[in-house]
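Heads up: the structure comes next, in C-alpha coordinates.
Chain letters run A, B, ... following the sequence lines, proteins first, then strands; residues in each count from 1. Just so it is clear, the model here is predicted, and its values are computed rather than measured.
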2 protein chains.
Amino acid sequence: MAGEVQFKGKGQALRLGVQQELGGGPLSIFGAAAQKHDLSIREVMVGVLAKLAEQFPDLEFRHRISLSKREMNEKLQGFDPRLGQALFVESASIRPDGGITEVLDRHDRWRIILVGESKHQGNDVEKIRAGVLQGKNKDQDFMAAGNAIERMHKNVLEIRNYMLDERHFPYVVFLQGSNFATESFDVERPDGRVVRVVHNSGMLNRIDRVTASSLGRDINRNYCENIFVKAGDVEHMVQVASLFCKADPWKAGEMGEVMIDVAQTSLRVIADDLVVIGG
Amino acid sequence: MAGEVQFKGKGQALRLGVQQELGGGPLSIFGAAAQKHDLSIREVMVGVLAKLAEQFPDLEFRHRISLSKREMNEKLQGFDPRLGQALFVESASIRPDGGITEVLDRHDRWRIILVGESKHQGNDVEKIRAGVLQGKNKDQDFMAAGNAIERMHKNVLEIRNYMLDERHFPYVVFLQGSNFATESFDVERPDGRVVRVVHNSGMLNRIDRVTASSLGRDINRNYCENIFVKAGDVEHMVQVASLFCKADPWKAGEMGEVMIDVAQTSLRVIADDLVVIGG
(Lines give C-alpha, C1' and ligand atoms only; values in the text may rest on other atoms or scores of the structure.)
Protein backbone atom coordinates (compact mmCIF):
# COMPACT_ATOMS: atom_id res chain seq x y z
CA MET A 1 0.00 0.00 0.00
CA ALA A 2 1.33 3.39 -0.88
CA GLY A 3 2.66 5.41 2.02
CA GLU A 4 3.41 2.35 4.12
CA VAL A 5 6.92 1.27 4.99
CA GLN A 6 7.16 -2.49 4.99
CA PHE A 7 10.47 -3.28 6.63
CA LYS A 8 10.42 -6.00 9.26
CA GLY A 9 12.98 -6.73 11.91
CA LYS A 10 15.21 -3.93 13.14
CA GLY A 11 16.12 -2.45 9.81
CA GLN A 12 18.52 -5.19 8.86
CA ALA A 13 17.37 -5.18 5.27
CA LEU A 14 17.90 -1.45 5.02
CA ARG A 15 21.32 -1.49 6.62
CA LEU A 16 22.48 -4.31 4.43
CA GLY A 17 21.29 -2.35 1.44
CA VAL A 18 23.24 0.72 2.44
CA GLN A 19 26.44 -1.19 2.99
CA GLN A 20 26.14 -3.13 -0.23
CA GLU A 21 28.57 -2.12 -2.94
CA LEU A 22 27.06 -0.72 -6.07
CA GLY A 23 27.29 -3.56 -8.58
CA GLY A 24 29.80 -2.92 -11.33
CA GLY A 25 31.27 0.22 -9.80
CA PRO A 26 30.07 3.77 -9.68
CA LEU A 27 30.09 4.54 -13.38
CA SER A 28 27.63 1.75 -14.03
CA ILE A 29 24.87 3.74 -12.34
CA PHE A 30 23.89 5.34 -15.59
CA GLY A 31 25.24 2.76 -17.97
CA ALA A 32 26.41 4.30 -21.20
CA ALA A 33 25.24 7.76 -20.05
CA ALA A 34 27.74 7.79 -17.18
CA GLN A 35 30.47 9.44 -19.26
CA LYS A 36 28.22 12.19 -20.55
CA HIS A 37 28.76 15.69 -19.27
CA ASP A 38 25.78 17.33 -20.90
CA LEU A 39 23.13 15.74 -18.71
CA SER A 40 21.41 18.20 -16.40
CA ILE A 41 21.53 17.50 -12.69
CA ARG A 42 17.76 16.99 -12.87
CA GLU A 43 18.27 14.12 -15.31
CA VAL A 44 21.00 12.65 -13.14
CA MET A 45 18.68 12.94 -10.12
CA VAL A 46 16.09 10.84 -11.96
CA GLY A 47 18.73 8.15 -12.42
CA VAL A 48 19.62 8.39 -8.73
CA LEU A 49 15.96 7.96 -7.78
CA ALA A 50 15.67 4.89 -10.00
CA LYS A 51 18.76 3.41 -8.35
CA LEU A 52 17.42 4.13 -4.85
CA ALA A 53 14.06 2.57 -5.69
CA GLU A 54 15.92 -0.53 -6.91
CA GLN A 55 18.16 -0.70 -3.82
CA PHE A 56 15.35 -0.07 -1.34
CA PRO A 57 12.21 -1.60 -2.84
CA ASP A 58 10.32 -1.31 0.43
CA LEU A 59 10.80 2.45 0.79
CA GLU A 60 8.71 5.09 -0.88
CA PHE A 61 10.53 8.03 -2.44
CA ARG A 62 9.35 11.22 -4.04
CA HIS A 63 10.99 14.06 -5.93
CA ARG A 64 9.96 17.70 -5.75
CA ILE A 65 11.16 20.55 -7.92
CA SER A 66 10.28 23.24 -5.38
CA LEU A 67 9.62 23.87 -1.72
CA SER A 68 7.35 26.77 -0.78
CA LYS A 69 8.30 29.47 1.71
CA ARG A 70 4.93 28.84 3.33
CA GLU A 71 5.84 25.23 4.08
CA MET A 72 9.28 26.28 5.29
CA ASN A 73 7.74 28.93 7.51
CA GLU A 74 5.27 26.45 9.00
CA LYS A 75 8.11 24.14 9.89
CA LEU A 76 10.07 26.99 11.51
CA GLN A 77 6.98 28.09 13.46
CA GLY A 78 6.70 24.52 14.73
CA PHE A 79 10.19 24.83 16.23
CA ASP A 80 9.52 28.24 17.75
CA PRO A 81 6.66 30.68 17.09
CA ARG A 82 9.12 33.57 16.74
CA LEU A 83 10.52 32.01 13.57
CA GLY A 84 8.91 31.70 10.13
CA GLN A 85 6.70 34.79 10.43
CA ALA A 86 7.74 36.90 7.46
CA LEU A 87 6.08 36.15 4.10
CA PHE A 88 5.42 38.76 1.44
CA VAL A 89 4.75 36.88 -1.78
CA GLU A 90 2.26 34.06 -1.16
CA SER A 91 3.67 31.93 -3.96
CA ALA A 92 7.33 32.29 -2.93
CA SER A 93 9.36 29.11 -3.17
CA ILE A 94 12.86 27.80 -3.69
CA ARG A 95 13.85 25.64 -6.65
CA PRO A 96 17.20 23.91 -6.34
CA ASP A 97 17.94 22.91 -9.92
CA GLY A 98 18.34 19.22 -9.17
CA GLY A 99 15.22 19.21 -7.03
CA ILE A 100 14.57 17.69 -3.63
CA THR A 101 14.32 13.95 -2.99
CA GLU A 102 12.44 12.66 0.04
CA VAL A 103 11.60 9.33 1.64
CA LEU A 104 8.46 8.51 3.60
CA ASP A 105 9.27 7.46 7.14
CA ARG A 106 7.25 5.12 9.37
CA HIS A 107 5.54 8.11 11.00
CA ASP A 108 4.19 9.09 7.57
CA ARG A 109 6.49 12.10 7.39
CA TRP A 110 8.43 12.96 4.24
CA ARG A 111 12.11 13.41 5.08
CA ILE A 112 14.60 15.09 2.78
CA ILE A 113 17.43 12.76 1.81
CA LEU A 114 19.00 14.64 -1.10
CA VAL A 115 19.08 18.17 -2.51
CA GLY A 116 21.24 18.83 -5.54
CA GLU A 117 22.39 21.91 -7.37
CA SER A 118 24.74 22.39 -10.28
CA LYS A 119 26.39 25.72 -11.04
CA HIS A 120 28.65 26.86 -13.82
CA GLN A 121 30.85 29.97 -13.68
CA GLY A 122 33.88 30.81 -15.81
CA ASN A 123 34.19 29.97 -19.53
CA ASP A 124 37.87 30.78 -19.90
CA VAL A 125 39.00 27.28 -20.88
CA GLU A 126 36.44 27.07 -23.69
CA LYS A 127 37.40 30.56 -24.90
CA ILE A 128 41.11 29.79 -24.89
CA ARG A 129 40.57 26.51 -26.76
CA ALA A 130 38.49 28.40 -29.32
CA GLY A 131 41.15 31.12 -29.62
CA VAL A 132 38.77 33.86 -28.46
CA LEU A 133 40.30 36.74 -26.50
CA GLN A 134 38.17 38.47 -23.85
CA GLY A 135 37.74 41.75 -22.01
CA LYS A 136 36.66 45.18 -23.16
CA ASN A 137 39.44 45.38 -25.72
CA LYS A 138 39.32 41.69 -26.65
CA ASP A 139 42.97 41.31 -25.75
CA GLN A 140 42.95 39.10 -22.66
CA ASP A 141 43.05 35.34 -22.16
CA PHE A 142 40.88 35.58 -19.04
CA MET A 143 37.73 37.34 -17.97
CA ALA A 144 37.73 38.64 -14.38
CA ALA A 145 35.39 36.32 -12.49
CA GLY A 146 31.98 37.56 -11.41
CA ASN A 147 30.06 37.02 -8.22
CA ALA A 148 26.77 35.47 -9.35
CA ILE A 149 27.75 32.20 -7.66
CA GLU A 150 27.31 33.85 -4.25
CA ARG A 151 23.56 33.47 -4.65
CA MET A 152 24.14 29.78 -3.98
CA HIS A 153 24.07 30.36 -0.24
CA LYS A 154 20.39 31.31 -0.20
CA ASN A 155 18.95 27.88 -0.94
CA VAL A 156 21.51 26.22 1.30
CA LEU A 157 20.35 28.44 4.15
CA GLU A 158 16.67 27.78 3.43
CA ILE A 159 17.20 24.02 3.56
CA ARG A 160 19.35 24.36 6.67
CA ASN A 161 16.46 26.14 8.39
CA TYR A 162 13.98 23.54 7.18
CA MET A 163 16.19 20.71 8.46
CA LEU A 164 17.12 22.11 11.88
CA ASP A 165 15.41 19.07 13.42
CA GLU A 166 17.44 16.55 11.42
CA ARG A 167 20.89 15.17 12.08
CA HIS A 168 21.80 15.08 8.43
CA PHE A 169 22.14 17.78 5.79
CA PRO A 170 22.16 16.21 2.32
CA TYR A 171 22.87 19.32 0.26
CA VAL A 172 25.23 18.75 -2.68
CA VAL A 173 26.45 21.48 -5.00
CA PHE A 174 28.47 20.72 -8.13
CA LEU A 175 30.50 23.75 -9.20
CA GLN A 176 32.28 23.79 -12.51
CA GLY A 177 34.08 26.22 -14.76
CA SER A 178 37.42 28.03 -14.70
CA ASN A 179 36.33 29.85 -11.51
CA PHE A 180 36.31 26.53 -9.65
CA ALA A 181 39.59 24.95 -10.73
CA THR A 182 41.26 23.05 -7.90
CA GLU A 183 44.65 22.78 -9.60
CA SER A 184 46.54 24.69 -12.27
CA PHE A 185 46.75 23.37 -15.82
CA ASP A 186 47.66 24.34 -19.37
CA VAL A 187 45.29 24.97 -22.25
CA GLU A 188 46.42 25.21 -25.85
CA ARG A 189 45.04 27.80 -28.22
CA PRO A 190 44.40 27.01 -31.90
CA ASP A 191 47.53 29.03 -32.79
CA GLY A 192 49.65 26.78 -30.58
CA ARG A 193 50.22 29.25 -27.73
CA VAL A 194 49.79 27.57 -24.36
CA VAL A 195 47.93 29.43 -21.62
CA ARG A 196 48.27 28.42 -17.99
CA VAL A 197 45.09 28.47 -15.93
CA VAL A 198 46.30 29.32 -12.43
CA HIS A 199 43.84 27.86 -9.97
CA ASN A 200 44.64 30.10 -7.01
CA SER A 201 44.53 33.42 -8.84
CA GLY A 202 42.32 36.02 -7.21
CA MET A 203 41.08 37.13 -10.61
CA LEU A 204 39.82 33.67 -11.48
CA ASN A 205 39.08 31.49 -8.47
CA ARG A 206 35.76 31.82 -6.68
CA ILE A 207 35.75 28.72 -4.47
CA ASP A 208 36.38 30.92 -1.42
CA ARG A 209 33.08 32.66 -2.18
CA VAL A 210 31.10 29.49 -1.53
CA THR A 211 32.84 27.90 1.46
CA ALA A 212 30.84 29.89 4.00
CA SER A 213 28.20 27.18 3.45
CA SER A 214 30.68 24.46 4.33
CA LEU A 215 32.35 26.32 7.23
CA GLY A 216 35.57 26.03 5.28
CA ARG A 217 35.69 22.23 5.34
CA ASP A 218 37.77 20.62 2.58
CA ILE A 219 35.89 20.51 -0.69
CA ASN A 220 34.86 17.45 -2.74
CA ARG A 221 33.62 15.34 0.18
CA ASN A 222 30.29 14.11 1.50
CA TYR A 223 29.34 15.99 4.68
CA CYS A 224 25.78 14.77 4.88
CA GLU A 225 26.04 13.59 8.48
CA ASN A 226 26.03 16.59 10.81
CA ILE A 227 28.84 17.09 13.30
CA PHE A 228 28.79 18.72 16.71
CA VAL A 229 31.24 21.50 17.39
CA LYS A 230 31.84 23.41 20.61
CA ALA A 231 32.57 27.11 20.17
CA GLY A 232 33.05 29.09 23.35
CA ASP A 233 30.52 27.65 25.78
CA VAL A 234 27.95 26.76 23.11
CA GLU A 235 27.64 23.40 21.39
CA HIS A 236 26.48 23.62 17.80
CA MET A 237 25.09 20.98 15.50
CA VAL A 238 26.78 22.06 12.29
CA GLN A 239 25.12 21.60 8.90
CA VAL A 240 27.76 21.51 6.18
CA ALA A 241 26.99 21.71 2.47
CA SER A 242 28.93 19.20 0.37
CA LEU A 243 30.65 21.28 -2.32
CA PHE A 244 32.16 19.56 -5.34
CA CYS A 245 34.39 21.80 -7.45
CA LYS A 246 36.43 21.36 -10.59
CA ALA A 247 37.20 23.18 -13.83
CA ASP A 248 35.92 20.40 -16.13
CA PRO A 249 32.24 19.61 -16.43
CA TRP A 250 31.00 16.95 -14.04
CA LYS A 251 30.11 13.71 -15.77
CA ALA A 252 26.73 12.15 -15.13
CA GLY A 253 28.36 9.12 -13.50
CA GLU A 254 30.46 11.28 -11.17
CA MET A 255 27.47 13.32 -10.04
CA GLY A 256 25.35 10.21 -9.70
CA GLU A 257 27.95 8.50 -7.55
CA VAL A 258 28.19 11.45 -5.17
CA MET A 259 24.43 11.84 -4.94
CA ILE A 260 23.83 8.14 -4.27
CA ASP A 261 26.46 8.30 -1.55
CA VAL A 262 24.80 11.31 0.08
CA ALA A 263 21.30 9.82 -0.17
CA GLN A 264 22.55 6.58 1.38
CA THR A 265 24.14 8.55 4.21
CA SER A 266 20.78 10.23 4.85
CA LEU A 267 19.00 6.88 4.93
CA ARG A 268 21.57 5.53 7.37
CA VAL A 269 21.21 8.53 9.70
CA ILE A 270 17.41 8.26 9.80
CA ALA A 271 17.32 4.44 9.58
CA ASP A 272 15.54 4.01 12.91
CA ASP A 273 12.64 6.07 11.62
CA LEU A 274 12.31 3.93 8.51
CA VAL A 275 11.84 0.61 10.28
CA VAL A 276 8.50 -0.79 11.36
CA ILE A 277 9.30 -3.09 14.26
CA GLY A 278 7.22 -6.27 14.12
CA GLY A 279 5.08 -4.71 11.41
CA MET B 1 46.76 53.33 27.97
CA ALA B 2 45.60 51.99 24.66
CA GLY B 3 44.23 48.48 24.75
CA GLU B 4 43.33 48.64 28.42
CA VAL B 5 39.76 48.72 29.64
CA GLN B 6 39.44 50.97 32.62
CA PHE B 7 36.05 50.22 34.10
CA LYS B 8 35.92 49.75 37.83
CA GLY B 9 33.21 48.15 39.86
CA LYS B 10 31.02 45.54 38.27
CA GLY B 11 30.35 47.32 35.04
CA GLN B 12 27.94 49.82 36.52
CA ALA B 13 29.25 52.63 34.39
CA LEU B 14 28.82 50.59 31.26
CA ARG B 15 25.33 49.41 32.11
CA LEU B 16 24.20 52.91 32.97
CA GLY B 17 25.54 54.08 29.68
CA VAL B 18 23.63 51.47 27.76
CA GLN B 19 20.37 52.29 29.44
CA GLN B 20 20.79 56.01 29.05
CA GLU B 21 18.53 57.60 26.48
CA LEU B 22 20.24 59.23 23.56
CA GLY B 23 20.15 62.94 24.30
CA GLY B 24 17.72 64.78 22.09
CA GLY B 25 16.22 61.72 20.46
CA PRO B 26 17.49 59.40 17.78
CA LEU B 27 17.66 61.88 14.93
CA SER B 28 20.08 64.04 16.84
CA ILE B 29 22.79 61.45 16.39
CA PHE B 30 23.91 63.05 13.21
CA GLY B 31 22.61 66.51 13.80
CA ALA B 32 21.61 68.19 10.58
CA ALA B 33 22.77 65.17 8.56
CA ALA B 34 20.14 62.92 10.16
CA GLN B 35 17.54 63.63 7.49
CA LYS B 36 19.89 62.97 4.60
CA HIS B 37 19.37 59.87 2.56
CA ASP B 38 22.43 60.13 0.39
CA LEU B 39 24.95 59.26 3.08
CA SER B 40 26.64 55.91 2.57
CA ILE B 41 26.36 53.38 5.35
CA ARG B 42 30.12 53.75 5.79
CA GLU B 43 29.65 57.43 6.59
CA VAL B 44 26.81 56.64 8.97
CA MET B 45 29.00 54.02 10.63
CA VAL B 46 31.62 56.68 11.32
CA GLY B 47 28.94 58.72 13.10
CA VAL B 48 27.91 55.65 15.08
CA LEU B 49 31.50 55.07 16.13
CA ALA B 50 31.83 58.68 17.27
CA LYS B 51 28.66 58.32 19.33
CA LEU B 52 29.85 55.06 20.90
CA ALA B 53 33.21 56.62 21.77
CA GLU B 54 31.36 59.47 23.47
CA GLN B 55 28.98 57.16 25.35
CA PHE B 56 31.68 54.75 26.45
CA PRO B 57 34.86 56.79 26.90
CA ASP B 58 36.60 53.95 28.71
CA LEU B 59 36.19 51.43 25.90
CA GLU B 60 38.40 51.12 22.88
CA PHE B 61 36.70 50.64 19.51
CA ARG B 62 38.02 49.97 16.06
CA HIS B 63 36.52 49.83 12.59
CA ARG B 64 37.62 47.46 9.83
CA ILE B 65 36.57 47.50 6.20
CA SER B 66 37.41 43.85 5.62
CA LEU B 67 37.93 40.53 7.34
CA SER B 68 40.21 37.98 5.67
CA LYS B 69 39.21 34.41 4.98
CA ARG B 70 42.51 33.41 6.59
CA GLU B 71 41.47 35.00 9.89
CA MET B 72 38.01 33.46 9.63
CA ASN B 73 39.51 30.06 8.91
CA GLU B 74 41.86 30.33 11.88
CA LYS B 75 38.93 31.05 14.15
CA LEU B 76 36.97 28.10 12.76
CA GLN B 77 40.01 25.83 13.18
CA GLY B 78 40.16 26.95 16.80
CA PHE B 79 36.62 25.64 17.32
CA ASP B 80 37.29 22.35 15.53
CA PRO B 81 40.22 21.35 13.31
CA ARG B 82 37.84 19.95 10.69
CA LEU B 83 36.55 23.45 9.97
CA GLY B 84 38.28 26.33 8.21
CA GLN B 85 40.55 24.20 6.03
CA ALA B 86 39.68 25.34 2.51
CA LEU B 87 41.47 28.43 1.16
CA PHE B 88 42.30 28.96 -2.50
CA VAL B 89 43.07 32.68 -2.89
CA GLU B 90 45.46 33.81 -0.18
CA SER B 91 44.13 37.36 -0.20
CA ALA B 92 40.43 36.39 -0.04
CA SER B 93 38.35 38.53 2.30
CA ILE B 94 34.84 39.80 2.88
CA ARG B 95 33.94 43.49 2.78
CA PRO B 96 30.54 44.35 4.22
CA ASP B 97 29.93 47.83 2.83
CA GLY B 98 29.41 49.44 6.22
CA GLY B 99 32.44 47.70 7.64
CA ILE B 100 32.94 45.86 10.92
CA THR B 101 33.07 47.60 14.29
CA GLU B 102 34.79 45.92 17.23
CA VAL B 103 35.49 46.61 20.87
CA LEU B 104 38.54 45.49 22.84
CA ASP B 105 37.55 43.30 25.78
CA ARG B 106 39.40 42.87 29.08
CA HIS B 107 41.11 39.74 27.74
CA ASP B 108 42.63 41.87 24.97
CA ARG B 109 40.41 40.26 22.35
CA TRP B 110 38.64 42.28 19.69
CA ARG B 111 34.93 41.44 19.69
CA ILE B 112 32.57 42.32 16.84
CA ILE B 113 29.72 44.54 18.01
CA LEU B 114 28.33 45.77 14.70
CA VAL B 115 28.38 44.79 11.03
CA GLY B 116 26.36 46.86 8.59
CA GLU B 117 25.36 46.48 4.99
CA SER B 118 23.15 48.58 2.75
CA LYS B 119 21.60 47.20 -0.44
CA HIS B 120 19.49 48.80 -3.11
CA GLN B 121 17.35 46.86 -5.61
CA GLY B 122 14.42 48.13 -7.66
CA ASN B 123 14.25 51.61 -9.24
CA ASP B 124 10.60 51.50 -10.25
CA VAL B 125 9.47 54.42 -8.09
CA GLU B 126 12.13 56.71 -9.50
CA LYS B 127 11.30 55.62 -13.05
CA ILE B 128 7.56 56.18 -12.59
CA ARG B 129 8.13 59.61 -11.06
CA ALA B 130 10.35 60.47 -14.02
CA GLY B 131 7.76 59.14 -16.48
CA VAL B 132 10.13 56.51 -17.87
CA LEU B 133 8.59 53.25 -19.07
CA GLN B 134 10.62 50.06 -18.78
CA GLY B 135 11.03 46.61 -20.29
CA LYS B 136 12.27 45.43 -23.67
CA ASN B 137 9.58 47.42 -25.50
CA LYS B 138 9.69 50.39 -23.10
CA ASP B 139 5.98 49.97 -22.40
CA GLN B 140 5.83 48.82 -18.77
CA ASP B 141 5.63 50.68 -15.47
CA PHE B 142 7.67 47.99 -13.69
CA MET B 143 10.80 46.01 -14.32
CA ALA B 144 10.67 42.35 -13.21
CA ALA B 145 12.88 42.19 -10.14
CA GLY B 146 16.28 40.51 -10.34
CA ASN B 147 18.06 38.24 -7.92
CA ALA B 148 21.36 39.99 -7.21
CA ILE B 149 20.24 40.63 -3.64
CA GLU B 150 20.55 36.93 -2.88
CA ARG B 151 24.31 37.39 -2.67
CA MET B 152 23.63 39.09 0.66
CA HIS B 153 23.56 35.76 2.44
CA LYS B 154 27.26 35.07 1.85
CA ASN B 155 28.65 37.69 4.20
CA VAL B 156 25.96 36.95 6.79
CA LEU B 157 27.06 33.30 6.76
CA GLU B 158 30.74 34.21 7.00
CA ILE B 159 30.14 36.38 10.06
CA ARG B 160 27.86 33.72 11.57
CA ASN B 161 30.71 31.23 11.30
CA TYR B 162 33.19 33.71 12.75
CA MET B 163 30.87 34.43 15.70
CA LEU B 164 29.83 30.87 16.60
CA ASP B 165 31.39 31.43 20.01
CA GLU B 166 29.40 34.59 20.74
CA ARG B 167 25.89 34.97 22.10
CA HIS B 168 25.15 37.96 19.94
CA PHE B 169 24.98 38.46 16.19
CA PRO B 170 25.07 42.18 15.36
CA TYR B 171 24.51 41.96 11.62
CA VAL B 172 22.27 44.70 10.21
CA VAL B 173 21.20 44.94 6.57
CA PHE B 174 19.30 47.94 5.23
CA LEU B 175 17.38 47.03 2.08
CA GLN B 176 15.74 49.67 0.00
CA GLY B 177 14.07 50.05 -3.38
CA SER B 178 10.78 48.97 -4.91
CA ASN B 179 11.78 45.31 -4.43
CA PHE B 180 11.66 45.84 -0.65
CA ALA B 181 8.37 47.71 -0.18
CA THR B 182 6.56 46.62 2.98
CA GLU B 183 3.24 48.22 2.04
CA SER B 184 1.51 49.23 -1.18
CA PHE B 185 1.43 52.88 -2.26
CA ASP B 186 0.69 55.16 -5.20
CA VAL B 187 3.19 57.02 -7.32
CA GLU B 188 2.22 59.80 -9.73
CA ARG B 189 3.76 60.12 -13.15
CA PRO B 190 4.54 63.52 -14.70
CA ASP B 191 1.49 63.06 -16.97
CA GLY B 192 -0.79 62.72 -13.93
CA ARG B 193 -1.43 58.97 -14.24
CA VAL B 194 -1.18 57.27 -10.86
CA VAL B 195 0.63 53.91 -10.64
CA ARG B 196 0.10 51.61 -7.66
CA VAL B 197 3.19 49.87 -6.33
CA VAL B 198 1.83 46.58 -4.97
CA HIS B 199 4.16 45.46 -2.23
CA ASN B 200 3.28 41.75 -2.27
CA SER B 201 3.55 41.21 -6.02
CA GLY B 202 5.74 38.29 -7.02
CA MET B 203 7.14 40.31 -9.88
CA LEU B 204 8.38 43.06 -7.59
CA ASN B 205 8.94 41.97 -4.02
CA ARG B 206 12.20 40.27 -3.07
CA ILE B 207 12.03 40.34 0.73
CA ASP B 208 11.33 36.61 0.77
CA ARG B 209 14.70 36.10 -0.94
CA VAL B 210 16.58 37.46 2.07
CA THR B 211 14.68 36.06 5.06
CA ALA B 212 16.61 32.78 5.08
CA SER B 213 19.21 34.79 7.01
CA SER B 214 16.64 35.79 9.62
CA LEU B 215 14.89 32.38 9.81
CA GLY B 216 11.74 34.18 8.73
CA ARG B 217 11.55 36.42 11.80
CA ASP B 218 9.55 39.63 11.34
CA ILE B 219 11.58 42.28 9.55
CA ASN B 220 12.62 45.73 10.81
CA ARG B 221 13.70 44.64 14.30
CA ASN B 222 16.93 44.26 16.21
CA TYR B 223 17.79 40.57 16.65
CA CYS B 224 21.32 41.07 17.90
CA GLU B 225 20.88 38.90 21.00
CA ASN B 226 20.86 35.23 19.99
CA ILE B 227 17.96 33.02 20.96
CA PHE B 228 17.91 29.30 21.71
CA VAL B 229 15.48 27.13 19.78
CA LYS B 230 14.79 23.43 20.18
CA ALA B 231 14.16 21.58 16.91
CA GLY B 232 13.57 17.86 17.21
CA ASP B 233 15.98 16.72 19.93
CA VAL B 234 18.64 19.33 19.16
CA GLU B 235 18.95 22.72 20.83
CA HIS B 236 20.27 25.44 18.55
CA MET B 237 21.69 28.83 19.33
CA VAL B 238 20.16 30.79 16.48
CA GLN B 239 21.96 33.74 14.89
CA VAL B 240 19.43 36.01 13.21
CA ALA B 241 20.36 38.85 10.86
CA SER B 242 18.46 42.08 11.52
CA LEU B 243 16.89 43.00 8.17
CA PHE B 244 15.46 46.48 7.67
CA CYS B 245 13.36 46.87 4.53
CA LYS B 246 11.45 49.70 2.90
CA ALA B 247 10.87 51.20 -0.52
CA ASP B 248 12.18 54.68 0.36
CA PRO B 249 15.85 55.33 0.96
CA TRP B 250 16.93 54.98 4.58
CA LYS B 251 17.84 58.28 6.17
CA ALA B 252 21.16 58.64 7.94
CA GLY B 253 19.39 59.20 11.27
CA GLU B 254 17.25 56.08 10.87
CA MET B 255 20.23 53.90 10.03
CA GLY B 256 22.26 55.45 12.81
CA GLU B 257 19.54 54.82 15.38
CA VAL B 258 19.26 51.14 14.43
CA MET B 259 23.02 50.66 14.40
CA ILE B 260 23.51 52.32 17.79
CA ASP B 261 20.76 50.10 19.19
CA VAL B 262 22.43 46.96 17.82
CA ALA B 263 25.90 47.98 19.01
CA GLN B 264 24.51 48.72 22.49
CA THR B 265 22.85 45.30 22.55
CA SER B 266 26.22 43.72 21.71
CA LEU B 267 27.92 45.64 24.51
CA ARG B 268 25.22 44.55 26.96
CA VAL B 269 25.55 40.87 25.97
CA ILE B 270 29.34 40.89 26.40
CA ALA B 271 29.33 43.36 29.32
CA ASP B 272 30.96 40.93 31.74
CA ASP B 273 33.96 40.65 29.45
CA LEU B 274 34.36 44.41 29.30
CA VAL B 275 34.68 44.96 33.04
CA VAL B 276 37.93 44.87 34.96
CA ILE B 277 36.95 43.93 38.49
CA GLY B 278 38.97 45.88 41.03
CA GLY B 279 41.22 47.13 38.23
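- Top candidate by heavy-atom pairs under 4.5 Å with chain A, chosen from B:Met72, B:His153, B:Met163, is B:His153.
- Looking at every heavy atom in both residues, B:Asn205 comes nearest to B:Ala181 through ND2-O, 3.0 Å.
- To the nearest 0.5 angstrom, B:Leu157 atom CG is 11.5 Å from A:Glu150 atom CD.
- The residue among B:Gly232, B:Ser214, B:Gly84, B:Ala212 with the most heavy atom pairs within less than 4.5 Å of chain A is B:Ala212.
- Contact count against chain B (heavy-atom pairs under 4.5 Å) is highest for A:Arg82 among A:Met237, A:Arg160, A:Arg82, A:Arg206.
- Most heavy-atom pairs under 4.5 Å with chain A: of the set B:Glu235, B:Met152, B:Arg167, this distinction falls to B:Arg167.
- In this structure, CG on B:Leu175 lies 8.0 Å from OG on B:Ser118, to the nearest 0.5 angstrom.
- With chain B as partner, the option from A:Asn200, A:Leu215, A:Val234 having the largest number of non-hydrogen pairs under 4.5 angstrom is A:Leu215.
- Checked by atom type and distance alone, the side chain of A:Gln134 pairs as donor or acceptor with a backbone atom of A:Asp141 at under 3.5 Å.
- With a 4.5 angstrom heavy-atom cutoff, B:Arg209 touches chain A via backbone and side-chain atoms both.
- At distances below 3.5 Å, at least one donor-acceptor pair connects side-chain atoms of A:Ser184 with backbone N or O atoms of A:His199.
- Heavy atoms of B:Ser91 lying under 4.5 Å from chain A are absent altogether.
- For chain A, no part of B:Ile149 is nearby; none of its heavy atoms comes within less than 4.5 Å.
- Of the two parts of A:Ile94, neither the backbone nor the side chain holds a non-hydrogen atom closer than 4.5 Å to a non-hydrogen atom of chain B.
- For B:Lys230, the part lying near chain A is the backbone, with the side chain staying farther off; criterion is any non-hydrogen pair under 4.5 Å.
- Of the two parts of B:Ser213, the backbone and the side chain both hold a non-hydrogen atom closer than 4.5 Å to a non-hydrogen atom of chain A.
- B:Glu71 and B:Tyr162 are linked by a side-chain donor-acceptor pair at a separation below 3.5 angstrom, with hydrogens and angles left out of the test.
- Neither the backbone nor the side chain of B:Asn155 comes within less than 4.5 Å of any heavy atom of chain A.
- Aromatic ring orientation, A:Phe244 versus A:Trp250: perpendicular (interplanar angle above 60°, classes split at 30° and 60°).
- In terms of heavy-atom pairs under 4.5 angstrom with chain A, the leader among B:Thr211, B:Val238, B:Ile207 is B:Ile207.
- With hydrogens and angles ignored, the 3.5 Å screen pairs no side-chain donor or acceptor of A:Gln85 with any backbone N or O of B:Gly216.
- Judged by distance alone, the side chains of B:Lys127 and B:Ser178 never bring a donor and an acceptor atom under 3.5 Å apart.
- Donor-acceptor pairing under 3.5 Å is recorded for the side chains of A:Asn222 and A:Thr265.
- Most heavy-atom pairs under 4.5 Å with chain B, from the set A:Asp218, A:Leu243, A:Ile219: that is A:Asp218.
- If you tally non-hydrogen atom pairs under 4.5 Å between each of A:Gln77, A:Lys154, A:Glu166 and chain B, the highest count goes to A:Lys154.
- Ranked by heavy-atom pairs under 4.5 Å with chain A, the list B:Asp233, B:Leu83, B:Asp208 is led by B:Asp208.
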